[in-house]
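Just below is one structure, and these are the notes that go with it.
The shown structure was predicted, so the numbers you read here are calculated from the model rather than taken from an experiment. Hydrogens, waters and symmetry mates are skipped; everything else that's a heavy atom, side chains included, is used. Whatever order the structure lists ligands and atoms in, that order sets their numbers, starting from 1.
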Amino acid sequence: MPGARITGWGMAVPEKVVTNDDLSARLDTSDEWITERTGIRQRHVGGTTSQLGIDAGRRALDQAGVDAADVDVLVLATTTPDATVPGTSATVQQGLGVAGGAFDLNAACSGFVYALVVAHGLVSLGARRILVVGSETLSRITDWDDRSMAVLVGDGAGAVVLEATDGPGQLLGWDLGADGSLRHLLKCDLGGYLFMNGKEIFRHAVRAVVDSSTAALARAGVTAADVELFVPHQANARIITAASQRLGIPAERCVVTIDRYGNTSSASIPLALCDAIDTGRLRPGALVLLSGFGGGMTWASAVLRWGGWRDREATRRRS
Ligand code: UT7
């Protein structure tokens with residue numbers, strides 16, 4: 001079966017930055033509480049899910065040197081679509097000029113990893129190029145007078161281009177899971193605002209990340225000690241610390257971007273991945289663990305062997 005590799009990546013965040021002090025000025029909260037309890041210092045707010053997705057997607061395509069007209073499928077992970085119908089992927093498809101199919105995928109904060117695994121499945125069915133986007137505007141479904149949610153969320157998008165390769169594929173192992181009996185812990189009814197039982201989600205989140213990561217690593221035939229870079233969902237710096245400690249992954253191997261972006265749901269892992277690549281933290285051949293969790297509850301992990309984009313030209317010439 002053909003494998004796939006990430007050959008391009010890109011991100012987009014709205015210009016407007018909201019700091020903890022901005023929030024403290026209008027809510028009964030403080031920079032100290034938010035920083036200590038969550039690790040968040042600021043977040044970007046604004047834009048639309050479709051436009052952020054288009055901006056991140058275009059950057060990923062440019063970086064890969066792939067024409068949107070040559071993309072077979074666009075998968076847009078989002079839990080904050082522009083509308084109920086049509087899918088926001090339709091707007092992103094048109095905005096980018098993607099020639100192939102396009103669909104939305106909602107697995108809450110696990111959405112990007114779900115989409116990445118689904119995209120690999122499509123490659124194994126013969127697709128050559130897939131654009132995977134995670135884009136969110138959680139600010140639109142947040143009650144900005146509710147301090148328990150307002151301090152947590154941010155908006156943004158990240159995208160990767162996945163190309164079929166004749167060489168070994170990058171995906172070594174994966175794990176997808178869900179437990180709908182916990183869906184009351186994190187929800188947003190139609191037309192309503194986000195609600196979360198933070199303490200309960202926290203407890204389940206650490207276990208979900210540890211168990212799901214362990215399952216994906218086992219499927220890949222590797223251990224946590226082999227992980228060179230851990231890219232977890234950015235919901236709370238304390239969750240990242242607790243999960244990585246239990247997995248035995250040292251802090252210097254974890255990517256933490258929550259301080260700058262807050263919780264951006266399905267955009268958080270691709271934003272963190274882009275940050276790691278752009279700051280030179282990912283060397284070719286490195287073993288990368290992605291792990292997300294969120295409303296549903298859902299969880300998803302993927303183990304990748306990073307690199308191989310240099311054979312992209314050769315792969316494209318053959319296709
Ligand atoms: O991405 C999807 C998944 N989401 C998550 O994984 C989030 C998981 N949960 C969490 O990250 C944490 O539970 C929170 C950051 C949401 C909350 O932190 P916590 O340490 O669990 O705080 P808490 O809810 O137990 O509240 C502790 C205290 C309470 O006051 P009292 O009862 O001790 O007097 C809260 O009223 O902190 C108070 N509090 C705040 N104080 C200042 C709650 N929110 C705030 C706030 N500013 N924004």
Side-chain angles (χ1 to χ4, degrees), residues 18-43 77-80 106-114 134-156 158 177-180 182-188 193-213 231-244 246 254-259 261-272 290-301:
V18 176
T19 65
N20 291 349
D21 285 337
D22 293 334
L23 291 174
S24 311
R26 47 180 303 276
L27 291 173
D28 180 17
T29 188
S30 64
D31 175 45
E32 191 189 7
W33 191 95
I34 303 169
T35 308
E36 270 180 18
R37 304 310 294 167
T38 72
I40 300 168
R41 293 183 181 278
Q42 63 169 50
R43 67 289 288 147
T78 187
T79 196
T80 48
N106 181 354
C109 306
S110 315
F112 181 80
V113 181
Y114 261 82
S135 184
E136 301 281 8
T137 45
L138 287 181
S139 67
R140 287 188 307 109
I141 57 167
T142 299
D143 177 356
W144 286 92
D145 292 326
D146 171 9
R147 69 175 184 178
S148 69
M149 286 308 304
V151 302
L152 303 177
V153 301
D155 300 333
D179 181 354
L182 299 175
R183 64 189 187 279
H184 58 286
L185 295 180
L186 175 47
K187 61 178 194 146
C188 178
Y193 288 129
L194 271 173
F195 161 84
M196 179 171 68
N197 181 334
K199 271 211 178 324
E200 277 299 297
I201 286 279
F202 193 114
R203 202 167 58 81
H204 287 288
V206 175
R207 193 180 309 148
V209 170
V210 172
D211 291 351
S212 178
S213 295
V231 189
H233 170 47
Q234 311 281 312
N236 188 319
R238 290 185 293 134
I239 295 178
I240 297 173
T241 303
S244 53
R246 284 185 205 183
C254 297
V255 182
V256 179
T257 55
I258 192 171
D259 52 325
Y261 304 123
N263 183 345
T264 57
S265 190
S266 66
S268 90
I269 287 180
L271 279 175
L290 314 179
S291 188
F293 60 90
M297 278 189 68
T298 57
W299 52 88
S301 301

Atom 32 (O) of ligand 1: protein heavy atom closer than 4.0 Å?
-> no

State whether the number of non-hydrogen atoms from other residues, nucleotides or ligands found under 6.0 Å of Arg140 atom CZ is greater than 12.
-> yes

Heavy-atom nearest option to atom 8 (C) of ligand 1, drawn from Ala235, Gly294, Gly198 = Gly198

Is it the side chain (CB and beyond), the backbone, both or neither of Thr29 that lies under 4.0 Å from ligand 1, heavy atoms counted?
-> both

Any protein heavy atom sitting closer than 4.0 Å to atom 21 (O) of ligand 1?
-> yes

Under 3.5 Å, is there a donor-acceptor pair between the side chain of Asn236 and the main chain of Arg37?
-> yes

For ligand 1, note which part of Leu27 has a heavy atom under 4.0 Å away: side chain, backbone, both or neither.
-> neither

pair Asp143-Phe195: side-chain heavy atoms closer than 4.5 Å = no

Is atom 41 (N) of ligand 1 less than 4.0 angstrom from some protein heavy atom?
-> yes

Is there a donor-acceptor contact under 3.5 Å linking the side chains of Asp155 and Ser139?
-> yes

Any non-hydrogen protein atom less than 4.0 Å away from atom 24 (O) of ligand 1 | no

Measure from atom 18 (O) of ligand 1 to the protein's non-hydrogen atoms and state whether any distance is below 4.0 Å.
-> yes

Do Ser291 and Ser213 have side-chain atoms, one donor and one acceptor, less than 3.5 Å apart?
-> yes

Kindly state if atom 38 (C) of ligand 1 has a protein heavy atom within a strict 4.0 Å cut-off, that is, under 4.0 Å?
-> yes

Just let me know how Ile34 lines up against ligand 1, side chain, backbone, both or neither, with a heavy-atom cut-off below 4.0 Å.
-> neither

Glu136 and Ser266: side-chain donor and acceptor closer than 3.5 Å?
-> yes

State, to 0.1 Å, how close Ala77 and Phe112 come at their nearest heavy-atom pair, and which atoms those are.
-> CB-N, 3.8 Å

Between Asp145 and Arg26, does at least one N-O distance fall below 4.0 Å, as a salt bridge requires?
-> yes

Would you say Asn236 and ligand 1 have an N/O pair spaced under 3.5 Å apart?
-> yes

